[in-house]
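Sharing a structure here in structure tokens format.
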Amino acid sequence: MKKIIAILAAAALLLSPVGADARAKKSNKASKAEVTFVTTMDCEKCAVKVRENLSFEKGVLGLDIKLAEKTVKIVYNPKKTDVETLGKAIRKLGYEAEVKK
């Protein structure tokens, strides 16, 4: 009986959202990179446009846009996208985008 309860508890943890989050975080650590672009954004509307469009790009895990510095920091999965593709996505929106050095 104790074995059955232990098995059910382990299964519940594996199938629960908490367990899924832990597994996702663990797998994303190995598949994470970041790049910062300097852009020509100059208003809040520009930042919203970039955020809304880049958040749907394949492989993008997170964004940090600093309008005052005109930068877009992108955390992404390098197995699904690359720096060149992300830069093209920003330029497609009408902004210049160069990797910050």
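Quick caveat: nothing in here was measured; it's all calculated off a predicted structure.
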Legend entry - Closest non-hydrogen atom pair between E84 and R91, with its separation: O-NH2, 4.2 Å

Legend entry - Side-chain touch K32/V75, heavy atoms, less than 4.5 angstrom: yes

Inset, instruction - Look only at the side chain of T85 and the backbone of T81, and say whether a donor-acceptor pair between them is shorter than 3.5 Å. - result: no

Legend entry - Shortest non-hydrogen separation from N77 to K79 and the atoms involved: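 So the minimum-distance heavy-atom pair works out to OD1-N, 2.8 Å.
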
Inset, instruction - Give the minimum heavy-atom separation between A33 and P78, together with the two atoms involved. - result: N-CD, 4.0 Å

Inset, instruction - Supply the atom-to-atom distance K92 NZ to K88 NZ, rounded to the nearest 0.5 angstrom. - result: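 The distance works out to 11.0 Å.
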
Inset, instruction - Hey, could you give me the CD/OG1 distance between E98 and T40, rounded to the nearest 0.5 Å? - result: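 Atom-to-atom, E98:CD and T40:OG1 are 10.0 Å apart.
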
Inset, instruction - Report, as yes or no, whether the 6.0 Å neighbourhood of atom CD on E69 holds more than 12 heavy atoms from other residues, nucleotides or ligands. - result: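 Yes, because the 6.0 Å sphere around CD of E69 holds more than 12 heavy atoms from other groups.
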
Legend entry - Atom pair SG (C46) and CZ (R51), whose distance is rounded to the nearest 0.5 Å: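 One gets 13.0 Å once the value is rounded to the nearest 0.5 Å.
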
Inset, instruction - Under 4.5 Å between side-chain heavy atoms, chaining through other members, with only Ile, Leu, Val, Met, Phe, Trp and Tyr counted: pull out the rest of the cluster around L93, sorted by chain and number. - result: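 Direct or chained contacts put L93 with V35, F37, M41, V50, L54, V60, L63, I65, L67, V72, I74, Y76, V83, L86, I90, Y95, V99.
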
Legend entry - Side chain T39, main chain A97, donor-acceptor under 3.5 Å: no

